[in-house]
Amino acid sequence: MPELPEVETIARTLAPEVVGREILGVSAPDPSALQPSLAGFAALAAGRRIVSVGRRGKLLLIALDNQGVIGVHLRMTGRVTTCGPDQEPDRPRAVLALSGGQRLCFADVRRFGSMHAFGPGEIEAWPFFASLGPEPLGLGAAEFRARLGQGRARIKALLLDQHVVAGIGNIYADESLFRAGIRPDAPACGISPRKRDGLLAAIQTVLAQAIAENGSSIRDYRDANGDAGAFQNHFKAYGRGGKPCLACGETMRVARVAGRSSTFCPHCQRGGGEAAVLCSAPPHKS
DNA sequence: ACGGATTCCTGATGGC
DNA sequence: TGCCATCAGGAATCCG
């Protein structure tokens, strides 16, 4: 599942393959992959030259020479890869033919993802893009503390909420909470400023390490060259339900939090548990 | 208004 | 062996 480190890795591996090339044509075995439509996408993208490849949250951004941009939502199983004229792309939903015989392929078995083409200045008006929270890497402690708020929402739900912070998904939420010693179901109102600072530090450490390892490959994720990442070998929480905690040996538990399976150590992650008292009193405001 | 639950989609997996 | 239920999850949307 591509989250921030995976999308960052795709951007870095895709850039040298496509930057400087012109988009010659657009084809789509599954036209629903393209927004606003196959014809609309082609009108915005064809004839444009790719000038850079970047990322915002989990959104892959392919910048065009007219200030337009292609935004790619990979969701769960989306893949963006390149393939030359002699290679057959594996079940692509959409293919961009590029100059020099290169092709950019978008495949996505579960079909949750999509590619959006935008004209100059249009993406800033896209509600999804405009409402994204700040990037977690480089985010200041004071702002992070404030963005979590004092509500009763569970901390994991907040980490997964792209309006709060952009780029974190189920894997890195579990890994960060483990390293910070906070239960995934802890309400925000019970997490002290000190704990919040520790959580941000854990998030930044985990994301940076995952980027350095080219992301995590559970089953679907591959970079633009088709290569897997390696950070799955460093998981301490995700996917370790029923196994002994790597820190204390206690059996890791799995619970449903924020609609996601969440793995945590009941011993190491007690932070926020004391919040039941702090949050129980209803906000008596007149 | 806020926060939880549901929905979309298909392949992998486990139980019988 | 084969079938069927279950699970995976990002984000929009629905619901209490």
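Naming convention: chains lettered A, B, ... in sequence-line order (proteins, then strands); numbering from 1 in each chain.
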Practice task
May I ask you to evaluate whether A:R75 reaches the phosphate of C:dG9, defined as a side-chain N or O under 4.0 Å from OP1 or OP2?
Solution key: no
Problem - A:Y172 OH - C:dG9 P separation (whole Å) - result: 13 Å
Handout entry: Near-ring test A:F41/A:H116, centroid separation under 6.0 angstrom
Key = no
Problem - Side chain of A:R260 (C-beta onward), nearest among B:dC8, C:dA8, C:dA11 - result: C:dA11
Practice task
Report the distance from atom NE2 of A:H163 to atom P of B:dC2, rounded to the nearest whole Å.
Solution key: 13 Å
Problem - A:D108 versus A:T77, side-chain donor and acceptor atoms under 3.5 Å - result: yes
Completion exercise
Closest non-hydrogen contact found for A:A45 with A:I70 is CB-CD1, 4.2 Å
Exercise for the section: State, without any angle test, whether A:S99 and A:R49 hold a side-chain donor-acceptor pair at a distance under 3.5 Å. Expected result: no
Practice task
Could you state the atom-to-atom distance from NZ of A:K58 to C1' of C:dA11 in whole Å?
Solution key: 8 Å
Practice task
Flag yes if more than 12 heavy atoms outside A:Q67 fall under 6.0 Å of its CD atom; otherwise flag no.
Solution key: no
Problem - Gap between atoms CZ and C1', on A:R91 and B:dC9 respectively (whole Å) - result: 12 Å
Completion exercise
Between CG of A:L4 and P of C:dA11 the distance, given in whole Å, is 11 Å
Problem - Which residue lies more 5' along DNA chain B, comparing A:A153 with A:G259 via nearest heavy atoms - result: A:A153
Completion exercise
The nucleotide from B:dC8, C:dA12, B:dG11 with an atom nearest the side chain of A:V109 is B:dG11
Exercise for the section: Provide, to the nearest angstrom, the distance between the CD atom belonging to A:Q162 and the P atom belonging to C:dA11. Expected result: 4 Å
Practice task
Examine C:dG9: is either OP1 or OP2 under 4.0 Å from a nitrogen or oxygen in the side chain of A:Y238? Give yes or no.
Solution key: yes
Handout entry: Nearest-Å distance for atom pair CG/P, residues A:L158 and C:dA11
Key = 15 Å
Exercise for the section: Using the closest heavy atom to pick a nucleotide of DNA chain B for each, name whichever of A:F112 or A:A258 lands nearer the 5' end. Expected result: A:A258
Handout entry: Under-3.5 Å donor-acceptor pair between A:R152 side chain and B:dG3 base
Key = no
Exercise for the section: Just compare C:dG10, C:dA8, C:dA11 and give me whichever is closest to any side-chain atom of A:R110. Expected result: C:dA8
Exercise for the section: May I ask you to say what A:T77 touches in the nucleic acid, namely base, sugar-phosphate or nothing, with a heavy-atom cut-off under 4.0 Å? Expected result: nothing
Problem - Whole-Å distance separating the OH atom of A:Y221 from the P atom of B:dA12 - result: 20 Å
Fill in the blank from the handout: Testing C:dA11, B:dG3, C:dA8 for proximity to the side chain of A:H73, the answer is C:dA11
Handout entry: Residue A:R256, side-chain atoms from C-beta onward, closest of C:dA11, C:dG10, C:dA8
Key = C:dA8
